[in-house]
Participant: 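Questions regarding the structure given below will be posed in turn.
Proteins come first, then strands; the chains are lettered A, B, ... in the order of their sequence lines, and each starts at number 1.
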2 protein chains.
Amino acid sequence: MRVGELSRRSGVSLASIKYYLREGLLPPGERTSPNQATYDEGHVHRLRMVRALIDVGGLTVAATRDVLAAVDDPEVPLYVALGRASGTTMDPGDQDETQDETWAAAERTLAAAVDERGWAVSDENPAWHTAVGVLATYARLGDDDLSAQLGLYMRAMEEVAEREVAAVVDRGDRARTVEGVVVGTVLGDTLLAAVRRLAQQHCSLRLLGETPLRPRG
Amino acid sequence: MRVGELSRRSGVSLASIKYYLREGLLPPGERTSPNQATYDEGHVHRLRMVRALIDVGGLTVAATRDVLAAVDDPEVPLYVALGRASGTTMDPGDQDETQDETWAAAERTLAAAVDERGWAVSDENPAWHTAVGVLATYARLGDDDLSAQLGLYMRAMEEVAEREVAAVVDRGDRARTVEGVVVGTVLGDTLLAAVRRLAQQHCSLRLLGETPLRPRG
DNA sequence: ATAAACGGACAGTACTACTATCCAAAGAAG
DNA sequence: CTTCTTTGGATAGTAGTACTGTCCGTTTAT
């Protein structure tokens with residue numbers, strides 16, 4: 001199939017396909033002549049992935065490129081790509097932010113919670129840095145209820161992660177498995193956030209009899 | 001205090017403070033003369049909120065403005081503001097997307113899961129639309145493991161939301177309470193996602209003996 | 001009295017994600 | 001075989017976001 005059909009099949013504009021090709025999100029088609037190429041079902045699927053990651057997962061084009069590179073290349077560690085995938089990674093470039101007492105206290109809080117749960121995680125995981133950043137920010141805002149919920153969040157996420165990891169084991173070829181992990185992680189973030197909003201609506205209705213903070217639309 | 005000090009105290013540049021004032025994220029200071037104003041602790045706190053929502057929560061300036069407007073004005077329903085706060089709200093403007101069979105099937109899946117859990121939620125909650133969108137996207141990608149995890153996600157988020165709502169009841173004045181809800185919801189999304197990544201690392205290490213998908217950095 | 005700070009307006013910048021135009025070569029249709 | 005459309009590739013332009021810089025006429029501190 002040629003680009004025109006690829007565009008029609010995927011619903012992505014020709015101009016955008018050319019853009020994704022340039023940016024390395026979509027692998028080049030197979031050459032049939034020095035300046036002509038054909039595309040296959042893999043390209044259609046890849047375009048669907050790209051749109052899902054960008055539109056639903058909220059990734060940037062650059063983050064999508066990195067994540068998909070990790071899917072393709074077994075050499076790129078997946079957690080590095082998934083780290084970049086979390087939009088709010090609070091890049092460790094902000095040295096001044098990480099060098100104060102609030103930050104250190106937040107890091108101790110997280111380390112203690114992780115130890116208590118018996119988690120084996122490394123502080124090289126970008127998520128560690130993000131979590132510490134959120135805790136520190138919350139502390140600076142004065143209310144520290146969030147860090148009080150940390151244990152709860154960890155318990156809930158451990159249960160979720162356990163099932164997710166179990167579901168991913170023995171899935172056939174490596175590419176398919178990694179793709180499943182990526183999509184599940186990125187789209188899962190969005191779904192979890194949405195489900196949390198729904199649960200909050202249900203719980204505030206149940207616990208308060210009515211919902212003073214969120215009147216029915 | 002005047003802007004100079006406000007800038008020093010909050011760590012936000014003068015130019016950005018002027019920008020936030022223009023955009024309505026920061027209320028104007030109290031006038032001391034036709035073209036002079038003073039600012040108080042409330043402004044320092046507000047600036048910290050703004051930076052937290054933008055830098056840590058990943059909100060846009062416009063979303064931050066809406067969310068803070070809901071904190072200030074009891075007339076604006078909170079769930080509307082928090083809906084806009086979820087970056088990936090998949091605005092209901094995409095009529096074509098919502099009019100196909102995949103979308104309808106995803107909506108039935110969610111409705112069934114919600115009924116089974118006995119949740120009282122309305123499909124006017126923006127999160128409903130987001131959740132359906134994620135489910136539909138996942139279905140279009142071919143793997144439907146995510147919707148298989150839906151029940152698990154709902155159980156986990158119900159437990160989380162229950163504690164969160166309980167923690168927020170009886171908190172003093174309305175403004176403080178609403179602020180707590182907003183910060184907890186927005187920063188909570190980021191924290192939950194980070195904790196999930198950490199849990200995934202722990203679980204893949206525990207269940208697989210080692211971590212083939214995410215070699216240690 | 002003089003220098004610094006202020007408010008307000010507005011132009012400019014860097015980045016992101018496309019979108020449009022142009023061209024020469026390749027394919028398809030009559 | 002010619003004409004029309006499509007393609008690949010390069011490059012320029014656009015719209016939106018989040019600032020940043022500059023100017024100007026007060027205003028306030030020293």
Participant: Specify the separation, in whole Å, of atom NE2 of His43(B) and atom P of dG7(C).
Facilitator: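 Distance, rounded to whole Å: 11 Å.
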
Participant: Under a 3.5 Å cutoff, is there a donor and acceptor pairing between the side chains of Gln149(A) and Tyr138(A)?
Facilitator: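 There is no such pair (donor and acceptor under 3.5 Å, judged by atom type) between the side chains of Gln149(A) and Tyr138(A).
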
Participant: I'd like to check Asp189(A) versus Arg197(B) (side-chain heavy atoms, cut-off strictly below 4.5 Å). Are they in contact?
Facilitator: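 Sidechains of Arg197(B) and Asp189(A): in contact.
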
Participant: Between Trp119(B) and Glu158(B), do the side chains contain an N or O donor and an N or O acceptor separated by less than 3.5 Å?
Facilitator: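 Yes - a donor-acceptor pair under 3.5 Å links their side chains.
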
Participant: Just N and O in the side chain of Arg31(A): are any of them under 4.0 Å from OP1 or OP2 of dG9(D)?
Facilitator: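 Affirmative; the distance criterion is met.
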
Participant: Contact class for Arg51(B) (heavy atom, under 4.0 Å): base, sugar-phosphate, or nothing?
Facilitator: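 Sugar-phosphate: the residue Arg51(B), judged by heavy atoms under 4.0 Å, touches backbone atoms but no base.
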
Participant: I want to confirm an ordering. Mapping Pro34(A) and Ala15(A) to their closest nucleotides on DNA chain C, which one lands closer to the 5' end?
Facilitator: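 Upstream on the strand: Ala15(A).
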
Participant: Apply the test side-chain contact (heavy atoms from CB on, under 4.5 Å) to residues Arg9(A) and Glu41(A): give CA-CA distance (whole Å), side-chain angles for both, the deciding distance (0.1 Å), then the verdict.
Facilitator: CA-CA 10 Å; Arg9(A) 290 271 310 275; Glu41(A) 289 306 315; 2.8 Å; yes

Participant: For nucleotides 11-16 of chain C, list the nitrogen or oxygen atoms of the protein found under 3.5 Å from its nitrogen or oxygen atoms, one pair per line.
Facilitator:
none

Participant: Taking OH from Tyr39(A) and P from dT6(D), how many angstroms apart are they, rounded to a whole number?
Facilitator: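 Taking atom P of dT6(D) as the reference, OH of Tyr39(A) is at 16 Å.
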
Participant: Using atom CD1 of Ile54(A) as one end and atom P of dA17(C) as the other, report the distance to the nearest whole Å.
Facilitator: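 Computing the Ile54(A):CD1 to dA17(C):P distance gives 7 Å.
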
Participant: If you count heavy atoms of other groups shown closer than 6.0 angstrom to CD of Glu5(A), is the number above 12?
Facilitator: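 Enclosed: over 12 neighbouring heavy atoms sit under 6.0 Å from CD of Glu5(A).
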
Participant: Among Val50(B), Leu26(B), Leu47(B), find the one that has a side-chain contact (heavy atoms from CB on, under 4.5 Å) with Ser10(B).
Facilitator: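 Going through Val50(B), Leu26(B), Leu47(B) one by one, the side-chain contact (heavy atoms from CB on, under 4.5 Å) with Ser10(B) is satisfied by Leu47(B) alone.
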
Participant: Can a side chain N or O of Asn35(B) be found less than 4.0 Å away from OP1 or OP2 on dT27(D)?
Facilitator: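 Checking Asn35(B) against dT27(D): at least one side-chain N or O falls below 4.0 Å of OP1 or OP2.
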
Participant: In whole angstrom, what separates Leu6(B)'s CG from dC6(C)'s C1'?
Facilitator: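 Atom-to-atom, Leu6(B) to dC6(C), this comes out as 13 Å.
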
Participant: Calculate the interatomic distance between Arg8(A) atom CZ and dT7(D) atom C1'; express it in whole Å.
Facilitator: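 That distance rounds to 13 Å.
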
Participant: Check whether any side-chain nitrogen or oxygen of Ser16(A) sits under 4.0 Å from OP1 or OP2 of dA17(C), and answer yes or no.
Facilitator: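 False: Ser16(A) side-chain N/O out of range (4.0 Å or more) of dA17(C) OP1/OP2.
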
Participant: When the distance from CD of Glu30(A) to P of dG8(D) is rounded to whole Å, what number comes out?
Facilitator: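 Rounded to whole Å, this separation is 13 Å.
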
Participant: The criterion is salt bridge (Lys or Arg N to Asp or Glu O under 4.0 Å); which residues satisfy it with Glu75(B), sequence neighbours excluded?
Facilitator: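 Partners of Glu75(B) under the salt bridge (Lys or Arg N to Asp or Glu O under 4.0 Å) test: none.
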
Participant: Could you list all N or O pairs between the protein and nucleotides 28-30 of chain D that sit under 3.5 Å apart?
Facilitator:
residue	atom	partner	partner atom	Å
dT28(D)	OP1	Ser33(B)	OG	3.4

Participant: Between Leu26(A) (CG) and dG8(D) (P), how many Å, whole number?
Facilitator: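 Taking CG of Leu26(A) and P of dG8(D), I get 11 Å after rounding.
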
Participant: Whole angstroms only, please: what is the NZ-C1' distance between Lys18(B) and dG21(D)?
Facilitator: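 Taking atom C1' of dG21(D) as the reference, NZ of Lys18(B) is at 10 Å.
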
Participant: Check the phosphate of dC19(D) against Ser13(B), side-chain N and O only, distance under 4.0 Å to OP1 or OP2. Yes or no?
Facilitator: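 Checking Ser13(B) against dC19(D): no side-chain N or O falls below 4.0 Å of OP1 or OP2.
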
Participant: Look at Glu179(A) together with Arg176(A) and state whether they make a salt bridge at an N to O cut-off of under 4.0 Å.
Facilitator: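 Yes, Glu179(A) and Arg176(A) are salt-bridged.
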
Participant: What I want to check is whether the side chains of Glu107(B) and Trp128(B) have a donor and an acceptor closer together than 3.5 Å.
Facilitator: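 Yes, because at least one side-chain N or O of Glu107(B) sits under 3.5 Å from a partner of the opposite role on Trp128(B).
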
